[in-house]
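Single-structure report; data block below.
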2 protein chains.
Amino acid sequence: MATKGEQTRARLINAARTLVEERGYFGAGLNEMTDAGKAPRGSLYHHFPRGKDQLVAAALAASGQEIAALIRTLSEDAPNARALVEAVLDALADRMEEAGYAKGCPIATVALEVAATNDSLQKICAEAYDDWQGVLADHLVADGYAPDRAGALACSLLALIEGALVLARAQRSRIPIDRARESAGALLNA
Amino acid sequence: MATKGEQTRARLINAARTLVEERGYFGAGLNEMTDAGKAPRGSLYHHFPRGKDQLVAAALAASGQEIAALIRTLSEDAPNARALVEAVLDALADRMEEAGYAKGCPIATVALEVAATNDSLQKICAEAYDDWQGVLADHLVADGYAPDRAGALACSLLALIEGALVLARAQRSRIPIDRARESAGALLNA
DNA sequence: GGAAGAGTAGACCGATCTATATATTTGTCC
DNA sequence: GGACAAATATATAGATCGGTCTACTCTTCC
(Lines give C-alpha, C1' and ligand atoms only; values in the text may rest on other atoms or scores of the structure.)
Protein backbone atom coordinates (compact mmCIF):
# COMPACT_ATOMS: atom_id res chain seq x y z
CA MET A 1 0.00 0.00 0.00
CA ALA A 2 1.07 3.53 -0.68
CA THR A 3 2.59 5.25 2.31
CA LYS A 4 0.96 8.36 3.71
CA GLY A 5 3.69 10.46 2.18
CA GLU A 6 3.03 9.05 -1.25
CA GLN A 7 -0.66 9.79 -0.86
CA THR A 8 0.04 13.38 0.10
CA ARG A 9 2.35 13.73 -2.86
CA ALA A 10 -0.30 12.31 -5.16
CA ARG A 11 -2.97 14.66 -3.79
CA LEU A 12 -0.71 17.63 -4.43
CA ILE A 13 -0.01 16.53 -7.98
CA ASN A 14 -3.69 15.98 -8.69
CA ALA A 15 -4.60 19.37 -7.29
CA ALA A 16 -1.87 20.97 -9.37
CA ARG A 17 -3.07 19.14 -12.48
CA THR A 18 -6.58 20.45 -12.13
CA LEU A 19 -5.65 24.03 -11.30
CA VAL A 20 -2.89 24.30 -13.90
CA GLU A 21 -5.09 22.91 -16.64
CA GLU A 22 -7.81 25.40 -15.78
CA ARG A 23 -5.76 28.56 -15.37
CA GLY A 24 -2.17 27.88 -16.39
CA TYR A 25 1.14 28.11 -14.59
CA PHE A 26 0.92 31.71 -13.43
CA GLY A 27 -2.78 31.59 -12.72
CA ALA A 28 -2.56 28.65 -10.33
CA GLY A 29 -1.17 29.55 -6.91
CA LEU A 30 0.55 27.28 -4.42
CA ASN A 31 -1.95 28.24 -1.75
CA GLU A 32 -4.78 26.91 -3.85
CA MET A 33 -2.83 23.76 -4.59
CA THR A 34 -2.09 23.02 -0.96
CA ASP A 35 -5.69 23.80 -0.03
CA ALA A 36 -7.12 21.60 -2.78
CA GLY A 37 -4.59 18.88 -2.01
CA LYS A 38 -5.25 19.13 1.73
CA ALA A 39 -1.57 19.42 2.48
CA PRO A 40 0.35 22.01 4.48
CA ARG A 41 3.20 24.00 2.99
CA GLY A 42 5.74 21.94 4.83
CA SER A 43 4.64 18.84 2.98
CA LEU A 44 4.75 20.63 -0.34
CA TYR A 45 8.39 21.59 0.08
CA HIS A 46 9.21 18.22 1.54
CA HIS A 47 7.96 16.38 -1.53
CA PHE A 48 8.93 19.08 -4.01
CA PRO A 49 12.01 20.85 -2.61
CA ARG A 50 12.45 22.90 -5.76
CA GLY A 51 9.03 24.39 -5.27
CA LYS A 52 6.38 25.31 -7.76
CA ASP A 53 8.35 24.43 -10.88
CA GLN A 54 8.94 20.92 -9.64
CA LEU A 55 5.32 20.37 -8.63
CA VAL A 56 4.00 21.71 -11.92
CA ALA A 57 6.55 19.64 -13.80
CA ALA A 58 5.28 16.52 -12.06
CA ALA A 59 1.69 17.52 -12.81
CA LEU A 60 2.44 18.08 -16.50
CA ALA A 61 4.29 14.79 -16.78
CA ALA A 62 1.37 12.93 -15.19
CA SER A 63 -1.17 14.62 -17.44
CA GLY A 64 1.00 13.99 -20.46
CA GLN A 65 1.20 10.31 -19.70
CA GLU A 66 -2.52 10.09 -19.08
CA ILE A 67 -3.33 11.52 -22.49
CA ALA A 68 -0.77 9.23 -24.11
CA ALA A 69 -2.41 6.30 -22.38
CA LEU A 70 -5.82 7.51 -23.53
CA ILE A 71 -4.67 7.62 -27.14
CA ARG A 72 -3.12 4.18 -26.81
CA THR A 73 -6.30 2.75 -25.32
CA LEU A 74 -8.49 4.25 -28.01
CA SER A 75 -6.00 3.01 -30.55
CA GLU A 76 -6.75 -0.58 -29.63
CA ASP A 77 -10.39 -0.35 -30.67
CA ALA A 78 -9.89 1.93 -33.68
CA PRO A 79 -10.02 0.11 -37.01
CA ASN A 80 -7.95 2.81 -38.67
CA ALA A 81 -6.24 6.14 -38.07
CA ARG A 82 -9.28 8.17 -38.95
CA ALA A 83 -11.40 6.38 -36.38
CA LEU A 84 -8.66 6.91 -33.82
CA VAL A 85 -8.47 10.66 -34.35
CA GLU A 86 -12.25 10.89 -34.19
CA ALA A 87 -12.32 8.92 -30.96
CA VAL A 88 -9.62 11.13 -29.43
CA LEU A 89 -11.49 14.28 -30.38
CA ASP A 90 -14.75 12.88 -29.01
CA ALA A 91 -13.14 11.93 -25.73
CA LEU A 92 -11.45 15.31 -25.30
CA ALA A 93 -14.59 17.22 -26.24
CA ASP A 94 -16.65 15.28 -23.70
CA ARG A 95 -14.03 15.88 -21.05
CA MET A 96 -14.03 19.60 -21.84
CA GLU A 97 -17.79 19.99 -21.75
CA GLU A 98 -18.16 18.03 -18.54
CA ALA A 99 -15.69 20.38 -16.87
CA GLY A 100 -17.53 23.48 -18.03
CA TYR A 101 -14.63 24.37 -20.33
CA ALA A 102 -12.19 24.30 -17.44
CA LYS A 103 -10.37 21.41 -19.11
CA GLY A 104 -8.89 21.21 -22.58
CA CYS A 105 -5.32 20.24 -23.32
CA PRO A 106 -3.54 19.87 -19.97
CA ILE A 107 -0.26 20.93 -21.55
CA ALA A 108 -1.05 23.74 -23.96
CA THR A 109 -1.68 26.60 -21.55
CA VAL A 110 1.60 26.13 -19.71
CA ALA A 111 3.43 25.47 -22.95
CA LEU A 112 2.37 28.85 -24.29
CA GLU A 113 3.04 30.68 -21.04
CA VAL A 114 6.57 29.39 -20.59
CA ALA A 115 7.67 28.68 -24.18
CA ALA A 116 10.31 31.40 -24.19
CA THR A 117 11.11 31.83 -20.51
CA ASN A 118 11.27 28.55 -18.59
CA ASP A 119 13.53 25.95 -20.11
CA SER A 120 12.75 23.04 -17.83
CA LEU A 121 8.98 23.31 -18.16
CA GLN A 122 9.20 23.98 -21.89
CA LYS A 123 11.14 20.76 -22.23
CA ILE A 124 8.50 18.75 -20.40
CA CYS A 125 5.75 20.19 -22.59
CA ALA A 126 7.74 19.40 -25.71
CA GLU A 127 8.26 15.84 -24.53
CA ALA A 128 4.56 15.34 -23.90
CA TYR A 129 3.73 16.44 -27.42
CA ASP A 130 6.50 14.28 -28.87
CA ASP A 131 5.08 11.36 -26.95
CA TRP A 132 1.52 11.84 -28.23
CA GLN A 133 2.77 12.36 -31.74
CA GLY A 134 4.71 9.12 -31.48
CA VAL A 135 1.66 7.17 -30.39
CA LEU A 136 -0.30 8.56 -33.31
CA ALA A 137 2.54 7.84 -35.71
CA ASP A 138 2.76 4.25 -34.51
CA HIS A 139 -0.87 3.73 -35.37
CA LEU A 140 -0.34 5.29 -38.79
CA VAL A 141 2.58 2.98 -39.48
CA ALA A 142 0.39 0.04 -38.50
CA ASP A 143 -2.12 1.40 -40.99
CA GLY A 144 0.47 1.16 -43.72
CA TYR A 145 1.95 4.64 -43.91
CA ALA A 146 5.68 4.97 -44.44
CA PRO A 147 7.43 5.89 -41.18
CA ASP A 148 8.56 9.39 -42.15
CA ARG A 149 5.24 10.17 -43.75
CA ALA A 150 3.53 8.89 -40.61
CA GLY A 151 5.58 11.23 -38.46
CA ALA A 152 4.72 14.30 -40.49
CA LEU A 153 1.09 13.32 -40.67
CA ALA A 154 0.87 12.66 -36.95
CA CYS A 155 2.28 16.13 -36.37
CA SER A 156 -0.42 17.74 -38.49
CA LEU A 157 -3.15 15.63 -36.92
CA LEU A 158 -1.95 16.64 -33.47
CA ALA A 159 -1.94 20.28 -34.58
CA LEU A 160 -5.51 19.93 -35.76
CA ILE A 161 -6.52 18.39 -32.44
CA GLU A 162 -4.70 20.99 -30.36
CA GLY A 163 -6.04 23.86 -32.40
CA ALA A 164 -9.57 22.53 -32.17
CA LEU A 165 -9.22 22.39 -28.39
CA VAL A 166 -7.97 25.98 -28.28
CA LEU A 167 -10.84 27.26 -30.40
CA ALA A 168 -13.39 25.18 -28.51
CA ARG A 169 -12.35 26.51 -25.12
CA ALA A 170 -12.03 30.07 -26.44
CA GLN A 171 -15.55 29.94 -27.83
CA ARG A 172 -16.98 27.69 -25.14
CA SER A 173 -18.39 25.39 -27.77
CA ARG A 174 -17.59 21.92 -28.99
CA ILE A 175 -18.34 22.90 -32.56
CA PRO A 176 -14.68 23.48 -33.54
CA ILE A 177 -13.87 19.99 -32.28
CA ASP A 178 -16.74 18.46 -34.24
CA ARG A 179 -15.60 20.31 -37.34
CA ALA A 180 -12.05 19.09 -36.86
CA ARG A 181 -13.48 15.60 -36.54
CA GLU A 182 -15.06 15.91 -39.95
CA SER A 183 -11.86 17.27 -41.45
CA ALA A 184 -9.49 14.71 -40.00
CA GLY A 185 -10.20 12.19 -42.71
CA ALA A 186 -9.15 14.60 -45.42
CA LEU A 187 -5.66 14.87 -43.92
CA LEU A 188 -5.28 11.12 -44.04
CA ASN A 189 -6.38 10.64 -47.62
CA ALA A 190 -3.94 13.08 -49.18
CA MET B 1 -1.54 64.55 -34.51
CA ALA B 2 -2.18 62.25 -31.63
CA THR B 3 -2.32 63.98 -28.30
CA LYS B 4 0.16 63.07 -25.61
CA GLY B 5 -2.53 61.16 -23.77
CA GLU B 6 -3.28 59.07 -26.82
CA GLN B 7 0.38 58.27 -27.19
CA THR B 8 0.64 57.13 -23.59
CA ARG B 9 -2.44 55.01 -24.05
CA ALA B 10 -0.95 53.46 -27.18
CA ARG B 11 2.36 52.76 -25.45
CA LEU B 12 0.55 50.97 -22.66
CA ILE B 13 -1.45 48.87 -25.09
CA ASN B 14 1.65 47.93 -27.05
CA ALA B 15 3.52 46.99 -23.90
CA ALA B 16 0.58 44.90 -22.77
CA ARG B 17 0.35 43.21 -26.16
CA THR B 18 3.97 42.13 -26.07
CA LEU B 19 3.97 40.94 -22.48
CA VAL B 20 0.62 39.19 -22.65
CA GLU B 21 1.53 37.38 -25.84
CA GLU B 22 4.76 36.17 -24.29
CA ARG B 23 3.52 35.07 -20.88
CA GLY B 24 -0.25 35.29 -20.81
CA TYR B 25 -2.70 37.17 -18.65
CA PHE B 26 -1.51 36.03 -15.25
CA GLY B 27 2.15 36.04 -16.17
CA ALA B 28 2.21 39.66 -17.28
CA GLY B 29 2.18 42.12 -14.39
CA LEU B 30 1.00 45.72 -14.41
CA ASN B 31 4.36 46.88 -13.12
CA GLU B 32 6.08 45.43 -16.15
CA MET B 33 3.50 46.96 -18.44
CA THR B 34 3.88 50.44 -17.02
CA ASP B 35 7.66 50.10 -17.08
CA ALA B 36 7.71 48.88 -20.68
CA GLY B 37 5.16 51.49 -21.69
CA LYS B 38 7.04 54.24 -19.84
CA ALA B 39 3.91 55.35 -18.08
CA PRO B 40 3.21 55.82 -14.38
CA ARG B 41 0.42 54.05 -12.60
CA GLY B 42 -1.68 57.19 -12.58
CA SER B 43 -1.76 57.22 -16.36
CA LEU B 44 -2.68 53.57 -16.49
CA TYR B 45 -5.74 54.05 -14.34
CA HIS B 46 -6.59 57.29 -16.10
CA HIS B 47 -6.78 55.58 -19.48
CA PHE B 48 -8.02 52.23 -18.19
CA PRO B 49 -10.12 52.92 -15.08
CA ARG B 50 -11.23 49.30 -14.87
CA GLY B 51 -7.63 48.21 -14.53
CA LYS B 52 -5.84 45.19 -15.84
CA ASP B 53 -8.84 43.55 -17.47
CA GLN B 54 -9.58 46.64 -19.49
CA LEU B 55 -5.98 47.11 -20.59
CA VAL B 56 -5.59 43.47 -21.58
CA ALA B 57 -8.93 43.59 -23.36
CA ALA B 58 -7.71 46.53 -25.43
CA ALA B 59 -4.45 44.72 -26.14
CA LEU B 60 -6.25 41.56 -27.27
CA ALA B 61 -8.62 43.54 -29.47
CA ALA B 62 -5.71 45.35 -31.12
CA SER B 63 -3.81 42.13 -31.69
CA GLY B 64 -6.90 40.43 -33.00
CA GLN B 65 -7.49 43.16 -35.52
CA GLU B 66 -3.86 43.14 -36.58
CA ILE B 67 -3.98 39.44 -37.38
CA ALA B 68 -7.27 39.86 -39.21
CA ALA B 69 -5.69 42.64 -41.26
CA LEU B 70 -2.68 40.42 -41.94
CA ILE B 71 -4.89 37.66 -43.27
CA ARG B 72 -6.83 40.14 -45.39
CA THR B 73 -3.63 41.60 -46.83
CA LEU B 74 -2.19 38.21 -47.66
CA SER B 75 -5.56 37.29 -49.11
CA GLU B 76 -5.18 39.93 -51.80
CA ASP B 77 -2.09 38.32 -53.29
CA ALA B 78 -3.11 34.71 -52.79
CA PRO B 79 -4.38 33.02 -55.97
CA ASN B 80 -6.39 30.52 -53.92
CA ALA B 81 -7.20 29.42 -50.40
CA ARG B 82 -4.32 27.02 -50.18
CA ALA B 83 -1.82 29.75 -51.03
CA LEU B 84 -3.44 31.99 -48.44
CA VAL B 85 -3.15 29.47 -45.64
CA GLU B 86 0.46 28.82 -46.59
CA ALA B 87 1.23 32.52 -46.58
CA VAL B 88 -0.41 32.99 -43.18
CA LEU B 89 1.56 30.11 -41.71
CA ASP B 90 4.80 31.43 -43.21
CA ALA B 91 4.21 34.89 -41.81
CA LEU B 92 3.35 33.62 -38.35
CA ALA B 93 6.29 31.25 -38.29
CA ASP B 94 8.70 34.02 -39.25
CA ARG B 95 7.22 36.27 -36.62
CA MET B 96 7.59 33.54 -34.01
CA GLU B 97 11.19 32.72 -34.87
CA GLU B 98 12.23 36.38 -34.95
CA ALA B 99 10.88 36.81 -31.44
CA GLY B 100 12.75 33.79 -30.10
CA TYR B 101 9.47 31.93 -29.61
CA ALA B 102 8.11 34.73 -27.44
CA LYS B 103 5.38 35.34 -30.03
CA GLY B 104 2.86 32.91 -31.42
CA CYS B 105 -0.86 33.48 -31.42
CA PRO B 106 -1.51 36.69 -29.47
CA ILE B 107 -4.90 35.39 -28.34
CA ALA B 108 -4.45 31.72 -27.53
CA THR B 109 -2.59 31.94 -24.22
CA VAL B 110 -5.12 34.26 -22.63
CA ALA B 111 -7.99 32.35 -24.20
CA LEU B 112 -6.86 29.16 -22.47
CA GLU B 113 -6.11 30.87 -19.15
CA VAL B 114 -9.48 32.57 -18.85
CA ALA B 115 -11.77 30.26 -20.85
CA ALA B 116 -13.76 29.19 -17.81
CA THR B 117 -13.25 32.06 -15.38
CA ASN B 118 -13.33 35.51 -17.02
CA ASP B 119 -16.38 36.14 -19.16
CA SER B 120 -15.41 39.50 -20.63
CA LEU B 121 -11.96 38.41 -21.79
CA GLN B 122 -13.28 35.06 -23.03
CA LYS B 123 -15.74 36.95 -25.16
CA ILE B 124 -13.03 39.10 -26.72
CA CYS B 125 -10.94 36.03 -27.53
CA ALA B 126 -13.94 34.30 -29.08
CA GLU B 127 -14.66 37.37 -31.20
CA ALA B 128 -11.09 37.51 -32.47
CA TYR B 129 -11.27 33.89 -33.61
CA ASP B 130 -14.68 34.45 -35.16
CA ASP B 131 -13.24 37.40 -37.02
CA TRP B 132 -10.29 35.47 -38.42
CA GLN B 133 -12.48 32.55 -39.37
CA GLY B 134 -14.76 34.95 -41.20
CA VAL B 135 -11.91 36.40 -43.22
CA LEU B 136 -10.78 32.91 -44.19
CA ALA B 137 -14.33 31.88 -45.04
CA ASP B 138 -14.77 34.92 -47.27
CA HIS B 139 -11.77 33.89 -49.27
CA LEU B 140 -13.08 30.34 -49.54
CA VAL B 141 -16.42 31.59 -50.81
CA ALA B 142 -14.58 33.66 -53.41
CA ASP B 143 -12.81 30.44 -54.37
CA GLY B 144 -16.14 28.83 -55.08
CA TYR B 145 -16.98 26.97 -51.88
CA ALA B 146 -20.55 27.02 -50.69
CA PRO B 147 -20.98 29.41 -47.76
CA ASP B 148 -21.74 26.86 -45.05
CA ARG B 149 -19.05 24.54 -46.29
CA ALA B 150 -16.64 27.50 -46.31
CA GLY B 151 -17.45 28.29 -42.69
CA ALA B 152 -16.79 24.75 -41.51
CA LEU B 153 -13.63 24.52 -43.56
CA ALA B 154 -12.34 27.85 -42.30
CA CYS B 155 -12.86 26.61 -38.76
CA SER B 156 -10.75 23.52 -39.39
CA LEU B 157 -8.06 25.50 -41.19
CA LEU B 158 -7.90 27.92 -38.28
CA ALA B 159 -7.65 24.99 -35.88
CA LEU B 160 -4.76 23.59 -37.90
CA ILE B 161 -3.01 26.97 -37.81
CA GLU B 162 -3.59 27.49 -34.10
CA GLY B 163 -2.49 23.99 -33.24
CA ALA B 164 0.64 24.33 -35.32
CA LEU B 165 1.50 27.50 -33.43
CA VAL B 166 0.99 25.78 -30.10
CA LEU B 167 3.21 22.85 -31.05
CA ALA B 168 5.83 25.10 -32.60
CA ARG B 169 6.18 27.26 -29.52
CA ALA B 170 6.07 24.26 -27.20
CA GLN B 171 8.88 22.60 -29.13
CA ARG B 172 10.68 25.79 -30.07
CA SER B 173 10.75 24.73 -33.68
CA ARG B 174 9.02 25.84 -36.81
CA ILE B 175 8.73 22.29 -38.05
CA PRO B 176 5.12 21.80 -36.89
CA ILE B 177 4.16 24.93 -38.83
CA ASP B 178 5.93 23.71 -41.93
CA ARG B 179 4.19 20.36 -41.61
CA ALA B 180 0.82 22.05 -41.21
CA ARG B 181 1.67 24.03 -44.35
CA GLU B 182 2.10 20.83 -46.28
CA SER B 183 -1.14 19.42 -44.89
CA ALA B 184 -3.32 22.45 -45.49
CA GLY B 185 -3.96 21.56 -49.10
CA ALA B 186 -5.40 18.19 -48.16
CA LEU B 187 -8.12 19.84 -46.09
CA LEU B 188 -9.15 21.93 -49.05
CA ASN B 189 -9.37 19.13 -51.57
CA ALA B 190 -11.71 16.93 -49.59
C1' DG C 1 -4.29 85.39 -17.93
C1' DG C 2 -6.81 82.56 -15.13
C1' DA C 3 -10.06 78.69 -14.44
C1' DA C 4 -10.87 73.91 -15.52
C1' DG C 5 -9.98 69.56 -16.91
C1' DA C 6 -6.90 66.19 -19.06
C1' DG C 7 -3.00 63.76 -18.13
C1' DT C 8 1.21 62.60 -15.39
C1' DA C 9 3.71 61.27 -11.37
C1' DG C 10 4.74 58.20 -7.79
C1' DA C 11 3.94 57.08 -2.97
C1' DC C 12 1.21 53.93 -0.75
C1' DC C 13 -2.35 50.13 0.60
C1' DG C 14 -3.81 45.54 1.78
C1' DA C 15 -3.65 41.18 -0.23
C1' DT C 16 -1.29 37.47 -2.08
C1' DC C 17 2.69 35.32 -3.91
C1' DT C 18 6.64 31.79 -3.40
C1' DA C 19 9.78 30.29 -0.26
C1' DT C 20 12.06 29.44 4.25
C1' DA C 21 12.61 28.43 9.11
C1' DT C 22 11.53 26.02 13.05
C1' DA C 23 8.92 22.63 15.66
C1' DT C 24 6.39 18.74 16.18
C1' DT C 25 4.37 14.45 14.97
C1' DT C 26 4.45 10.05 12.64
C1' DG C 27 6.44 5.93 11.03
C1' DT C 28 10.06 2.46 10.63
C1' DC C 29 13.86 -0.34 11.61
C1' DC C 30 17.38 -2.34 14.61
C1' DG D 1 11.75 0.66 23.11
C1' DG D 2 14.94 3.85 21.55
C1' DA D 3 16.95 6.19 17.51
C1' DC D 4 16.52 8.41 13.40
C1' DA D 5 14.43 9.88 9.34
C1' DA D 6 10.10 10.89 7.00
C1' DA D 7 6.43 13.70 6.98
C1' DT D 8 3.48 17.22 8.82
C1' DA D 9 2.32 21.64 10.69
C1' DT D 10 2.63 26.62 11.16
C1' DA D 11 4.52 31.09 11.37
C1' DT D 12 6.61 34.26 8.88
C1' DA D 13 9.88 36.48 5.58
C1' DG D 14 10.44 39.29 1.56
C1' DA D 15 8.82 40.37 -2.75
C1' DT D 16 5.27 41.51 -5.87
C1' DC D 17 0.50 41.77 -7.01
C1' DG D 18 -3.51 44.90 -8.62
C1' DG D 19 -5.50 49.00 -7.18
C1' DT D 20 -6.18 53.68 -4.77
C1' DC D 21 -4.92 58.13 -3.51
C1' DT D 22 -3.26 62.84 -3.61
C1' DA D 23 -0.53 66.17 -5.68
C1' DC D 24 1.35 68.19 -9.60
C1' DT D 25 1.89 69.72 -14.57
C1' DC D 26 0.43 70.58 -18.66
C1' DT D 27 -3.05 72.12 -22.23
C1' DT D 28 -7.02 74.41 -23.76
C1' DC D 29 -10.45 77.60 -24.04
C1' DC D 30 -13.08 81.52 -22.44
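Only heavy atoms go into these numbers, but all of them, side chains included; no hydrogens, no water, no symmetry mates. Remember, predicted model here, so these are calculated numbers, not experimental data.
- At a threshold of 4.0 Å, the pair B:R17-B:E21 does not count as salt-bridged, since none of the basic side-chain nitrogens sits closer than that to a carboxylate oxygen.
- In terms of position along DNA chain C, the nucleotide closest to A:F26 lies nearer the 5' end than the nucleotide closest to the other residue of the pair A:G42 and A:F26.
- Between A:H46 and D:dT8, a side-chain N or O to OP1/OP2 separation shorter than 4.0 Å is absent.
- Residues A:S120 and A:N118 share a closest heavy-atom pair of OG-OD1, 3.1 Å.
- What separates OH of A:Y45 from P of D:dT12 is a distance of 18 Å, to the nearest Å.
- For the pair B:Y25 OH and D:dC17 P, the interatomic distance rounds to 13 Å; values are reported in whole Å.
- Closest to the A:L30 side chain, of the nucleotides C:dT18, D:dG18, D:dA9, is C:dT18.
- The side chain of A:K52 lies closest to C:dA19, out of C:dA19, D:dG18, D:dT8.
- Residue B:L44 contributes atom CG, which lies 16 Å from atom P of D:dC21 at whole-angstrom precision.
- Remark: B:T8 is in phosphate contact with C:dT8, judged by side-chain N or O atoms under 4.0 Å from OP1 or OP2.
- Look at A:D138 and A:R72 and you find no salt bridge, because none of the NZ, NE, NH1 or NH2 atoms lies under 4.0 Å from a carboxylate O.
- In this structure, B:L55 atom CG and D:dG19 atom P are separated by 10 Å, rounded to whole Å.
- Judged by distance alone, the side chain of A:K52 and the main-chain N or O of A:G29 form no donor-acceptor pair under 3.5 Å.
- The nearest whole Å value for the distance from the CZ atom in B:F48 to the P atom in C:dG7 is 12 Å.
- Close to C:dT8, at under 4.0 Å from its OP1 or OP2, lies a side-chain N or O of B:H47.
- At the phosphate of D:dG18, neither OP1 nor OP2 sits under 4.0 Å from any side-chain N or O atom of B:N31.
- Atom CG of B:D35 and atom P of C:dA9 are 13 Å apart (whole Å).
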